[in-house]
Chemist: 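Would you mind keeping the following structure in view while I ask a few things?
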Amino acid sequence: MSSIRAIRGMTDILPGDTPWWQALEAQIGSLLDSYGYHEIRMPVVEQTALFSRSIGEVTDIVEKEMYTFEDRNGDSLSLRPEGTAGCVRAAIQNGLLNTPQKLWYAGPMFRHERPQKGRQRQFHQVGVETFGIATPDIDAELILLSARLWQRLGFLDEVELQLNSIGSSESRAAYRDALVAYLGQHRDALDEDSQRRLETNPLRILDSKNPDTQALLDGAPSLADFLDEDSAAHFARLRELLDAAGLSYTINPRLVRGLDYYNRTVFEWVTTRLGAQGTICAGGRYDGLVAQLGGKDTPAVGFAMGLERLVLLLAETGSNLARPADADVYAIAVGDAAQVQAVKSVESLRDEMQNCRLLVHNGGGSFKSQMKKADKSGAAVALIWGEDEVAGQTVTLKPLRQSAGEQRQVPLAELAGALHAALAESN
RNA sequence: GUGGCCGUAGCUCAUCAGGUAGAGCACCGGAUUGUGGCUCCGGAGGUGGGGGGUUCGAGACCCCUCGGCCACCCCA
């Protein structure tokens, strides 16, 4: 095909799907508002160094998945592969960190991965970040908030919360040495990927999908045994709060996160309904990142959720969030004079009924074809103008759904009142 | 980045020792001069992802390429 196509992995979200997106975004926005979180909007492009410093030099995201390019003045810029780094940068730069902050953002992220269902090169996340709160009550709040969102979206019972603590960077370093020592003795039993990770990022071996590797890990030292006292207490308190709120979760001692900046709490919400892309939401604590990026030492916790995956899950679980019909009222007119009257009357109706979805037929056509459109619009009521109505200064008001009464002609002056009544009747 | 499956009308698919394509749904129109949902009739819509090759002839075979999907990798 010679015509221009969208870039691989960057998809159009079509009118048939946008109602789900809008419903999802509305739910998320109102929930976050109800918890007192404020929206922040950051640029999509940042200096490349922001991401390499925060996500980690040797992570796959930074090494081979970023869309990086040179600006006209020679600076290295990148499309953001995630939102936390930019959010932290914005908070530091704008002096937001003098007081605790509860922030959220939404928007496109970019990673050059092999596309699959639930994984695009341009994808969308909503991120939630909190700054300046070191105590585990905020970890708990974020997790409870996310659980409430699944509940509102109708698939809480389709997802599982996995939880772990990876401790301080010191305790993690000690564990890392122990793990490398153990796995080093069994190097030959490791698969190729894990042998590579033994050099680059040993902790990532913990969540390998290879069954043999997992079996080998049964005899490995446990991260929990290396937790420092403060991290252990933090984790215990978090669990106490989640238990008190009645939220069930699975402790996954092998849950580590791919991004370098996490410490202590890490968690993931996973589902089995989306194939290999089972993680719909993930996050954790990253107390060191703000200082690492040049801000004052500030504790932080946050998470991000993948909107494509949430939309897929909504469809999978048959959510009825999306609006079923396009219209409440559909106006049709046959004849030039009737059209004049219809346009005039509908415009004044719009003054009086601002929340009514009022469609006017466009493009002409026979009475019959206009009626078909009215039916397909899903409208509860059709308004009809023809020669008779024009002559009598009336309009025909026809209920389209069963058990909503007969059609009748009403004087134009009484239209708004009659329409209100008819709509109330059909609800 | 690695391995595999796949690519025919807007959508879901069919056809075929290789002889230049069909159905259902959707769309448009008609079956009463001003009335929808059911039914019937008709119409429009495809350079068979793109390029090259084999052949008298390819959507069907081969190669390349682009794209989708599945697993791995990675991650939301």
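Here is the naming used below: chain letters follow the sequence lines, and residue numbers restart at 1 for every chain. If you're wondering where the values come from, they're calculated on a predicted model, not measured in any experiment.
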Chemist: Which donor-acceptor pairs under 3.5 Å do the side chains of residues 381-388 of chain A make with protein atoms, sequence neighbours left out?
Modeler:
none

Chemist: Quick one: list whatever passes salt bridge (Lys or Arg N to Asp or Glu O under 4.0 Å) with Lys398(A), sequence neighbours left out.
Modeler: none
Chemist: Using the C1' atoms only, state how far A44(B) lies from G49(B), rounded to an integer number of Å.
Modeler: 23 Å
Chemist: How would you list, by chain and number, every residue that makes a ring-ring contact (aromatic ring centres under 6.0 Å, His included) with Tyr286(A), sequence neighbours excluded?
Modeler: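 Tyr286(A) satisfies ring-ring contact (aromatic ring centres under 6.0 Å, His included) with Tyr261(A) once adjacent residues are dropped.
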Chemist: Between Thr68(A) and Ser78(A), do the side chains contain a donor N or O and an acceptor N or O under 3.5 Å apart?
Modeler: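 Looking only at side-chain atoms, Thr68(A) and Ser78(A) do form a donor-acceptor pair, the distance falling under 3.5 Å.
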Chemist: C74(B) C1' sits how many Å from Phe51(A) CZ, rounded?
Modeler: 17 Å
Chemist: In which ranges does RNA chain B form stems of 3 or more consecutive Watson-Crick or G-U pairs, distances under 3.5 Å?
Modeler: B:1-7 with B:66-72, B:10-13 with B:22-25, B:27-31 with B:39-43, B:49-53 with B:61-65
Chemist: Counting just side-chain N and O atoms, does Arg309(A) come under 4.0 Å of either OP1 or OP2 of C75(B)?
Modeler: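 Looking at the OP1 and OP2 atoms of C75(B), neither is under 4.0 Å from any side-chain N or O of Arg309(A).
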Chemist: Roughly how many Å apart are U12(B) and A17(B), using the P atom of each and rounding to a whole number?
Modeler: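 Going atom to atom, P in each nucleotide, I get 27 Å.
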Chemist: If we take the P atom in both U8(B) and G68(B), what is their distance in whole Å?
Modeler: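 U8(B) and G68(B) have their P atoms separated by 14 Å.
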Chemist: Have a look at Ala282(A) and say if it touches a base, only the backbone sugar-phosphate, or nothing, with a 4.0 Å heavy-atom cut-off.
Modeler: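 The residue Ala282(A) makes sugar-phosphate contact but no base contact.
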Chemist: For Tyr37(A), enumerate each residue passing the ring-ring contact (aromatic ring centres under 6.0 Å, His included) test, keeping only those at least two apart in sequence or located in another chain.
Modeler: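 With sequence neighbours excluded, Tyr37(A) shows a ring-ring contact (aromatic ring centres under 6.0 Å, His included) to no residue whatsoever.
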Chemist: Under 3.5 Å, side-chain donor or acceptor atoms of residues 416-423 of chain A against the rest of the protein: list the pairs with distances, not counting sequence neighbours.
Modeler:
from, atom 1, to, atom 2, distance (Å)
His420(A), ND1, Ala416(A), O, 3.4

Chemist: What string of B, S and - do you get for nucleotides 31-43 of chain B, 5' to 3', if B is base contact, S is sugar-phosphate-only contact and - is no contact with any protein heavy atom under 4.0 Å?
Modeler: ---BBBB------
Chemist: Rounded to the nearest angstrom, tell me the gap between atom CE in Met66(A) and atom C1' in C75(B).
Modeler: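 Result: 15 Å.
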Chemist: With Glu414(A), which residues qualify under salt bridge (Lys or Arg N to Asp or Glu O under 4.0 Å), at least two apart?
Modeler: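 For Glu414(A), no residue satisfies salt bridge (Lys or Arg N to Asp or Glu O under 4.0 Å) once neighbours in sequence are set aside.
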Chemist: Assess the side chains of Ser30(A) and Asp33(A): does a donor N or O sit below 3.5 Å from an acceptor N or O?
Modeler: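 No, no side-chain donor-acceptor pair sits under 3.5 Å.
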Chemist: Sequence neighbours left out, what passes ring-ring contact (aromatic ring centres under 6.0 Å, His included) with Phe69(A)? Give chain and number order.
Modeler: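 Residues passing ring-ring contact (aromatic ring centres under 6.0 Å, His included) with Phe69(A): none at all.
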Chemist: Which part of the nucleic acid does Leu259(A) contact within heavy-atom distance under 4.0 Å: base, sugar-phosphate only, or nothing?
Modeler: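 Counting heavy atoms under 4.0 Å across all strands, the contact made by Leu259(A) is with sugar-phosphate only.
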Chemist: Please tabulate the protein-to-nucleotide N/O contacts below 3.5 Å involving nucleotides 64-70 of chain B, giving atom names and distances.
Modeler:
from, atom 1, to, atom 2, distance (Å)
G68(B), OP1, Gly9(A), N, 3.1
G68(B), OP2, Arg8(A), NH1, 3.2
C70(B), OP2, Lys117(A), N, 2.7

Chemist: Considering residues at least two apart in sequence or located in another chain, which fulfil the salt bridge (Lys or Arg N to Asp or Glu O under 4.0 Å) criterion with Arg114(A)?
Modeler: none
Chemist: To the nearest Å, give me how far apart CG (Asn210(A)) and P (C72(B)) are.
Modeler: 11 Å
Chemist: Applying side chain to side chain contact (heavy atoms under 4.5 Å, CB included), name anything that partners Ser171(A), two or more places apart in sequence or on another chain.
Modeler: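 If we apply the side chain to side chain contact (heavy atoms under 4.5 Å, CB included) test to Ser171(A), skipping adjacent residues, the hits are Ser168(A), Asp228(A).
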